[in-house]
Visitor: 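Have a look at this one before I ask anything.
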Amino acid sequence: MLQHKSVGLRGLPVQRRVPCARKPHKYVVSRAETKTGVGASGFTLDEPVELVDGRVTSGPDLSVEVNGMKLPNPFIIGSGPPGTNYQVMKKAFDEGWGGVICKTLSLDSSKVVNVTPRYAKLRDYSNRVFGWQNFELISDRSFDTMLAEMKRLRQEYPNRILIASIMEEYNKNAWEEIIGRCEEINVDAFEINFSCPHGLPERRMGMAMGQDPEVLSEVCGWINAAATKPVWAKMTPNVTDVAYPAAVALAAGCEGVAAINTISCIMGVNLDTLRPEPSVEGYTTPGGYSWKAVKPIALAKCTAIAKTIQRDFPGEGRSLSGIGGVETGADAAEFILLGSDTVQVCTGVMIHGYPVVKNLCGGLQRFMAKHGFKSVAEFKGRSLPYVTVHSELVARQREAIRAKKERVGLTNDSEWSGDDFVKNAESMVANR
């Protein structure tokens with residue numbers, strides 16, 4: 001019989017318009033980007049590599065092990081449209097993604113009603129897409145239908161990683177039911193959506209839970225008491241300090257954290273109609289901002305969480321799945337260098353399509369080869385020690401200036417200069 005996980009709180013307190021020429025902030029409202037392949041966003045992708053069941057066939061090893069799960073590469077389909085049904089999730093596995101997270105499920109999909117248009121893109125001077133807004137809701141397909149399709153995937157891809165993204169209202173029985181039914185089809189893990197910034201917070205779901213540490217702690221306690229599989233809490237960036245709720249979730253028993261979900265935004269205002277966009281019958285609502293523009297923010301948030309894991313949960317195997325603007329292997333390398341174990345991609349799939357995983361793996365391998373890394377574990381967190389507080393930057397710079405002033409003379413014979421020979425000699429005179 002499966003043993004339920006124990007929970008320890010550690011005493012944490014719970015508290016389509018066409019873009020105008022020569023304008024920098026151009027946006028286009030659309031349902032989705034249909035063009036796929038290299039350069040669909042206007043940016044250059046890495047050269048692709050061959051993948052067999054998600055594994056590279058040569059070069060540095062990209063496989064990772066996280067919370068007992070073995071992934072052929074660190075790239076995971078992020079929860080959203082790329083994981084919305086059997087067909088698209090099957091496509092993700094066939095193309096070689098290391099893992100797939102389904103679009104967020106709830107027990108009663110009848111309450112989920114989407115509108116369209118629900119996406120908007122922000123472009124730069126070169127017409128490249130660097131920002132993406134959505135106010136898409138969680139899955140509007142019946143829970144039974146999604147479970148049946150995921151069960152089929154589990155049977156067809158028994159060795160691949162399938163993660164259930166779930167969300168419920170403030171109801172212990174509902175959380176226990178959704179966890180139990182997902183475990184019946186043998187999902188590998190759960191990602192708990194505590195971070196969707198639109199629609200669901202109106203029902204005290206999603207971001208509304210992630211922003212309330214007291215509720216977050218209680219719900220994570222329910223979840224981890226019921227689950228026998230690893231649990232990741234997906235955090236919202238729409239808080240003052242993302243590390244605090246992340247620590248609350250980890251203290252309540254979650255094995256890992258995923259961050260960040262999208263940033264609350266309004267893409268813009270149509271200066272002809274004077275209506276905000278994306279516009280539905282002349283009205284809009286704040287949505288979630290993603291893609292290239294959010295990567296610096298995501299890196300900072302992930303760094304804060306990684307340092308919290310390192311400080312407060314050392315040696316416990318707690319994990320971090322980084323999310324936000326990943327388009328190249330170099331983007332992924334930055335997240336891993338700052339402490340992420342895996343990297344999720346959602347908007348990138350909507351822009352480039354599922355085959356982009358081959359480009360991502362190729363780019364990450366080239367980074368690793370450049371530095372002589374043979375595995376992802378070799379460089380995970382390598383850059384983390386170099387992120388500090390501003391006062392330490394001041395202290396380090398003052399010390400460097402002091403040391404430079406105190407330096408006397410040349411350190412070795414190779415520093416002598418023909419043009420400055422007399423000056424070199426004078427620099428070593430004690431009684432000048």
Side-chain angles (χ1 to χ4, degrees), residues 2 32 36 51-55 63-112 114 136-168 174-193 196 223 226-232 234 256 258 321 342 344-346 348-350 352-358 361:
L2 292 171
T36 60
L51 298 177
V52 177
D53 293 329
R55 292 188 175 276
S63 65
V64 296
E65 184 169 351
V66 184
N67 303 132
M69 297 180 287
K70 296 180 179 179
L71 288 72
N73 65 68
F75 296 104
I76 299 175
I77 291 286
S79 178
T84 198
N85 60 42
Y86 166 82
Q87 181 185 2
V88 298
M89 289 188 280
K90 172 180 169 57
K91 175 69 171 174
F93 282 136
D94 288 343
E95 291 294 342
W97 287 85
V100 173
I101 303 176
C102 71
K103 192 175 186 183
T104 302
L105 309 176
S106 64
L107 292 173
D108 186 0
S109 62
S110 67
K111 297 179 181 179
V112 180
N114 274 302
E136 177 145 348
L137 303 182
I138 62 176
S139 178
D140 59 10
R141 307 179 73 225
S142 81
F143 183 65
D144 288 338
T145 297
M146 284 294 288
L147 272 193
E149 293 186 359
M150 291 169 68
K151 182 178 180 179
R152 181 180 174 187
L153 283 167
R154 178 78 293 161
Q155 293 168 342
E156 294 177 2
Y157 300 89
N159 299 318
R160 305 296 287 278
I161 299 301
L162 178 62
I163 298 174
S165 173
I166 58 175
M167 179 194 291
E168 268 304 326
W175 281 106
E176 291 174 343
E177 179 181 351
I178 196 170
I179 289 166
R181 293 182 65 186
C182 286
E183 289 207 351
E184 287 176 0
I185 65 166
N186 200 30
V187 296
D188 292 289
F190 293 98
E191 183 180 82
I192 316 301
N193 190 337
C196 181
I223 292 167
T228 65
K229 304 286 186 168
V231 174
W232 295 353
K234 188 172 184 179
S321 190
T342 59
Q344 296 185 29
V345 183
C346 181
V349 180
M350 299 174 73
H352 295 297
Y354 294 90
V356 75
V357 67
K358 298 180 176 69
C361 287

Visitor: Using modelled atom types and a 3.5 Å cut-off, is there a donor and acceptor pairing between side-chain atoms of Gln344 and backbone atoms of Ser321?
Guide: no
Visitor: Can a donor-acceptor pair be found, under 3.5 Å and without considering hydrogens, that links the side chain of Asn73 to the backbone of Gly96?
Guide: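 Pair found, side chain donor or acceptor close to backbone of Gly96.
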Visitor: A side-chain contact here means heavy atoms from C-beta on lying under 4.5 Å apart; do Thr104 and Cys196 qualify?
Guide: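 The answer is no; the side chains never approach within 4.5 Å.
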Visitor: Ignoring hydrogens and angles, tell me if any N or O in the side chain of Arg154 forms a donor-acceptor pair with the backbone of Arg160 under 3.5 Å.
Guide: yes
Visitor: Quick one: pull up CE in Met146 and OG1 in Thr84 and give me the separation to the nearest 0.5 Å.
Guide: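 Rounded to the nearest 0.5 Å, the CE-OG1 separation comes out at 6.0 Å.
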Visitor: Only counting residues at least two apart or in another chain, list the ones meeting salt bridge (Lys or Arg N to Asp or Glu O under 4.0 Å) with Glu136.
Guide: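 Applying salt bridge (Lys or Arg N to Asp or Glu O under 4.0 Å) to Glu136 gives Lys103, Arg118.
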Visitor: What is the distance from atom CD1 of Ile223 to atom CD of Glu168, rounded to the nearest 0.5 Å?
Guide: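 If we round to the nearest 0.5 Å, Ile223:CD1 and Glu168:CD are 10.0 Å apart.
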Visitor: Which value, rounded to the nearest 0.5 Å, describes the distance between Asp188 atom CG and Met69 atom CE?
Guide: 7.0 Å
Visitor: Quick one: does Val187's side chain get under 4.5 Å of Met150's, heavy atoms only?
Guide: yes
Visitor: Does the Ser79 side chain pair with the main chain of Cys102, one donor and one acceptor, at a distance under 3.5 Å?
Guide: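 Present.
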Visitor: Which residues pass the side chain to side chain donor-acceptor pair (under 3.5 Å) test with Asn67, sequence neighbours left out?
Guide: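 Residues passing side chain to side chain donor-acceptor pair (under 3.5 Å) with Asn67: Trp232, Ser319.
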Visitor: Hey, does Asn186 have a side-chain heavy atom less than 4.5 Å from the side chain of Lys229?
Guide: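 Result yes, sub-4.5 Å side-chain heavy-atom pair found.
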Visitor: Please list, chain by chain and in numerical order, all residues satisfying ring-ring contact (aromatic ring centres under 6.0 Å, His included) with Phe93, sequence neighbours excluded.
Guide: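 Here the qualifying residues are Tyr157.
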Visitor: For a quick test of reading the model, state the closest non-hydrogen atom pair linking Cys346 to Gly80 and the distance between them.
Guide: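 Scanning both residues, the minimum pair turns out to be SG-CA, 4.1 Å.
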Visitor: Can you name the residues that form a salt bridge (Lys or Arg N to Asp or Glu O under 4.0 Å) with Glu65, not counting sequence neighbours?
Guide: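 Applying salt bridge (Lys or Arg N to Asp or Glu O under 4.0 Å) to Glu65 gives none.
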Visitor: Keeping the roles fixed (side chain from Trp97, backbone from Val357), state whether a donor-acceptor pair exists under 3.5 Å.
Guide: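 Not a single qualifying donor-acceptor pair exists.
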Visitor: Return the minimal non-hydrogen interatomic distance between Arg55 and Pro72, and the atom names on each side.
Guide: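 The pair with the smallest heavy-atom distance is CG-CB, 3.5 Å.
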Visitor: Looking at Phe190 and Cys182, what are the two nearest heavy atoms and their distance?
Guide: CE2-CB, 3.4 Å
Visitor: To check you understand the geometry: which heavy-atom pair defines the closest contact between Ile77 and Ala92, and what is its length?
Guide: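 So the minimum-distance heavy-atom pair works out to CG1-CB, 3.8 Å.
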Visitor: So does Asp144 pair up with Arg181, basic N to acidic O under 4.0 Å?
Guide: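 Between Arg181 and Asp144 there is a salt bridge, with a charged N closer than 4.0 Å to a carboxylate O.
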Visitor: How many angstroms lie between CD1 in Ile76 and CD1 in Ile161, if you round to the nearest 0.5 Å?
Guide: 8.5 Å
Visitor: In terms of side-chain heavy atoms, does Thr228 have a donor or acceptor partner in Glu183 at a distance below 3.5 Å?
Guide: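 There is such a pair between these side chains.
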Visitor: Pick from Val100, Val349, Val345: which one makes a side-chain contact (heavy atoms from CB on, under 4.5 Å) with Pro82?
Guide: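 Passing option: Val349.
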Visitor: Would you say the side chain of Glu156 lies within less than 4.5 Å of the side chain of Tyr86, judging by non-hydrogen atoms?
Guide: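 When only atoms from C-beta onward are counted, Glu156 and Tyr86 do touch, with a gap below 4.5 Å.
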Visitor: What distance separates Glu191 CD from Ile101 CD1, expressed to the nearest 0.5 Å?
Guide: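 Spacing of CD (Glu191) from CD1 (Ile101) equals 4.0 Å.
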Visitor: State, to 0.1 Å, how close Ile178 and Ser106 come at their nearest heavy-atom pair, and which atoms those are.
Guide: CD1-CA, 3.9 Å
Visitor: Could you report the tightest heavy-atom contact between Leu107 and Ala174, atom names first, then the distance?
Guide: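 Nearest heavy atoms, Leu107 then Ala174: CD1-O, 3.6 Å.
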Visitor: Give the C-alpha distance, both sets of side-chain angles, the deciding distance and a yes or no for side-chain contact (heavy atoms from CB on, under 4.5 Å) between Thr342 and Leu71.
Guide: CA-CA 9 Å; Thr342 59; Leu71 288 72; 4.2 Å; yes
Visitor: Give a yes or no answer on whether the side chain of Asn114 reaches the backbone of Leu137 with a donor-acceptor pair at less than 3.5 Å.
Guide: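 Yes, the answer is positive, given that a donor and an acceptor are paired below the 3.5 Å cut-off.
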Visitor: Atom CD1 in Ile192, atom OG in Ser165: separation rounded to 0.5 Å?
Guide: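 So the gap between those two atoms works out to 7.5 Å.
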Visitor: Mind checking salt bridge (Lys or Arg N to Asp or Glu O under 4.0 Å) for Asp108 and listing every partner two or more places apart, or none if nothing turns up?
Guide: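 Listed in chain order: nothing, the list is empty.
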Visitor: Going by the rule salt bridge (Lys or Arg N to Asp or Glu O under 4.0 Å), which residues pair with Asp94 if we only count those two or more places apart in sequence or in a different chain?
Guide: Lys90
